[in-house]
Amino acid sequence: QVQLQESGPGLVKPSETLSLTCTVSGGSITNYYWSWIRQPPGKGLEWIGYISYSGYTNYNPSLKSRVTISVDTSKSQFSLKLSSVTAADTAVYYCARVGDSRYWYFDLWGRGTLVTVSS
Amino acid sequence: QSALTQPASVSGSPGQSITISCTGTSSDVGGYNYVSWYQQHPGKAPKLMIYEVSNRPSGVSNRFSGSKSGNTASLTISGLQAEDEADYYCSSYTSSTTLVVFGGGTKLTVL
């Protein structure tokens with residue numbers, strides 16, 4: 001079955017760029033939209049943005065100036081870059097599949113990766 | 001402050017039914033049948049339980065059901081079981097520039 005796996009550094013220094021990759025295995029990355037969602041420790045979920053398999057993106061306005069999501073269909077991967085990070089960006093970052101882009105629900109999730117922003 | 005409002009906690013005894021509410025506006029919950037619900041156990045990723053207000057994915061127990069009235073969506077769990085103890089989040093498409101919003105989450109305790 002389709003599985004998602006996040007990878008990337010678990011520690012990022014303030015003002016630097018957070019970079020994560022999500023690898024899609026067991027299925028095709030095409031014909032779906034893919035999202036990043038984060039969860040600060042002890043808090044709720046926040047949608048970061050999405051990318052289509054063709055590369056169209058849409059970002060949460062609260063993060064738009066700092067976020068870039070890209071896709072590499074040849075590697076079945078999509079990536080997140082978040083620039084100028086602060087302690088407020090410390091969170092578990094999840095990659096997720098949009099089950100249907102007409103209805104905006106997330107039917108598959110990665111296990112998540114904790115990224116801590118600290119010097 | 002989350003865009004959708006959920007109670008911080010609910011509780012029930014095994015076998016009972018509970019309902020978790022999710023209140024939004026006409027720009028999200030009330031305007032579209034695009035509400036979804038997620039279950040999250042501690043240290044785990046969220047799991048889709050309900051989509052498009054009331055549809056269950058394959059493999060999700062029929063003890064879980066969803067509904068909507070006006071700007072408020074609800075998740076009902078019947079025949080509570082110990083394994084249902086978890087955090088539950090609602091989500092909705094929104095016509096605002098944010099596109100997708102989540103509720104603040106509800107902690108379900110099975111007494």
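Chain letters run A, B, ... following the sequence lines, proteins first, then strands; residues in each count from 1.
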Problem set entry | B/E85 side-chain N/O to B/A82 backbone N/O, donor-acceptor pair under 3.5 Å | no
For this session: Under the side chain to side chain donor-acceptor pair (under 3.5 Å) rule, collect the residues that match up with B/S65, sequence neighbours excluded.
Result: none
Exercise. Does B/T76 have any side chain to side chain donor-acceptor pair (under 3.5 Å) partners at least two apart in sequence or in another chain, and if so, which?
Worked result: B/T19
Exercise. Which region of B/P57, side chain (C-beta onward) or backbone (N, CA, C, O), has a non-hydrogen atom less than 4.5 Å from a non-hydrogen atom of chain A, or is it both or neither?
Worked result: neither
Exercise. For the atom pair CG (B/L111) and OG1 (B/T109), what is the distance rounded to the nearest 0.5 Å?
Worked result: 7.0 Å
For this session: May I have all residue pairs that pass disulfide (SG to SG under 2.5 Å) and include part of residues 59-89 of chain A, sequence neighbours excluded?
Result: none
Exercise. Which atoms of A/I37 come close to chain B, meaning under 4.5 Å heavy atom to heavy atom: side chain ones, backbone ones, both, or neither?
Worked result: side chain
Problem set entry | Nearest non-hydrogen partners of B/T72 and B/S21, listed with the distance | CG2-CB, 4.1 Å
Hey, can you dump all donor-acceptor pairs under 3.5 Å between chain B and chain A, distances included?
from: B/Y38; atom 1: OH; to: A/F106; atom 2: N; distance (Å): 2.8
from: B/Q40; atom 1: OE1; to: A/Q39; atom 2: NE2; distance (Å): 3.0
from: B/Q40; atom 1: NE2; to: A/Q39; atom 2: OE1; distance (Å): 2.8
from: B/Q40; atom 1: NE2; to: A/Y94; atom 2: OH; distance (Å): 3.1
from: B/K44; atom 1: O; to: A/Y94; atom 2: OH; distance (Å): 3.3
from: B/Y89; atom 1: OH; to: A/Q39; atom 2: NE2; distance (Å): 3.1
from: B/Y89; atom 1: OH; to: A/K43; atom 2: O; distance (Å): 3.4

For this session: List the steps and the verdict of side-chain contact (heavy atoms from CB on, under 4.5 Å) for B/R63 and B/D84.
Result: CA-CA 10 Å; B/R63 297 186 298 105; B/D84 300 331; 2.8 Å; yes
Problem set entry | Best-contacting candidate, A/G49, A/P61, A/G112, A/G99, against chain B by heavy atom pairs under 4.5 angstrom | A/P61
